[in-house]
Amino acid sequence: KLVLVLGHTECGAIKGATATMLNAQKAGAQPAQNTLDTLLAGLSPVVEQAQLDLGGTTSDKEIAGQAVAVNVFAGIEKLLVYSESIREKVKSGEVQVHGAVYDIATGKVNFLGQHPRLPLIL
């Protein structure tokens, strides 16, 4: 049995969170706190991790693309932390949880596999 956490390319929320974070970094200040920024703030750790993963100077598009994959793994982690029943089934080997990213331009799915820190999460 398999649970699939599926993200998708060109995600508007991830793009917005990336733009908000990068603009704040350039300005050297916290982003304005309108309603949308408040909603996107929950994705800031995902975008920050994507930026660290890529290192160096990368484009907004590259960071947002990596953030989609990071967000998939964040979703897997939350699922395993907050769902005792799924966590126990994964521990017993009855269920596996994998991540993937759907490319909206090509229709292809890139399977990412299990969370790289799965043993630590369980």
(request) Of all the heavy-atom pairs spanning Val68 and Cys11, show the shortest one and how long it is. (result) CG2-CB, 4.3 Å

(request) Could you tell me the separation between the CD atom of Gln66 and the CG atom of Asp53, rounded to the nearest 0.5 Å? (result) 5.0 Å

(message) If I take atom CD from residue Glu48 and atom OG1 from residue Thr18, how far apart are they, to the nearest 0.5 angstrom?
(response) 10.5 Å

(message) Main chain of Leu122, side chain of Arg87: is a donor-acceptor contact present, judged purely on distance under 3.5 Å?
(response) no

(message) Is the shortest side-chain heavy-atom distance between Leu80 and Ile86 below 4.5 Å?
(response) yes

(request) Supply the atom-to-atom distance Met21 CE to Asp60 CG, rounded to the nearest 0.5 angstrom. (result) 9.0 Å

(request) Indicate yes or no: at least one non-hydrogen side-chain atom of Asp103 is less than 4.5 angstrom from one of Val101. (result) no

(request) Considering non-hydrogen atoms only, spot the tightest contact between Val109 and Ala100 and give its length. (result) CG1-CB, 3.6 Å

(request) Determine the minimum heavy-atom distance between Ala64 and Ile14, stating which atoms define it. (result) O-CG2, 3.4 Å

(request) Using side-chain contact (heavy atoms from CB on, under 4.5 Å) as the criterion, point out the one residue from Leu118, Val72, Val5, Ile121 that pairs with Glu77. (result) Ile121

(request) Supply the atom-to-atom distance Lys108 NZ to Thr9 OG1, rounded to the nearest 0.5 angstrom. (result) 13.0 Å

(message) I'd like to know if Tyr102 and Phe111 are part of one continuous hydrophobic network [Ile/Leu/Val/Met/Phe/Trp/Tyr, side-chain heavy atoms within less than 4.5 Å].
(response) yes

(message) With clusters defined by side-chain heavy atoms of hydrophobic residues (ILVMFWY) lying less than 4.5 Å apart, directly or transitively, does Tyr82 cluster with Val95?
(response) yes

(request) Answer with yes or no whether the hydrophobic clustering places Val81 together with Val97; edges join I, L, V, M, F, W, Y residues whose side-chain heavy atoms lie under 4.5 Å apart. (result) yes

(request) Check whether any side-chain heavy atom of Leu22 sits under 4.5 Å from a side-chain heavy atom of Gln51, and report yes or no. (result) yes

(request) Group every Ile, Leu, Val, Met, Phe, Trp and Tyr by side-chain heavy-atom contacts under 4.5 Å, then state whether Leu6 and Ile104 land in the same group. (result) yes

(message) Can you give me the closest heavy-atom contact between Ala50 and Ile63, atom names plus distance?
(response) CB-O, 3.6 Å

(message) For a quick test of reading the model, state the closest non-hydrogen atom pair linking His98 to Gln96 and the distance between them.
(response) NE2-OE1, 2.7 Å

(request) To the nearest 0.5 angstrom, please state how far the CD atom of Gln114 sits from the CZ atom of Phe73. (result) 9.5 Å

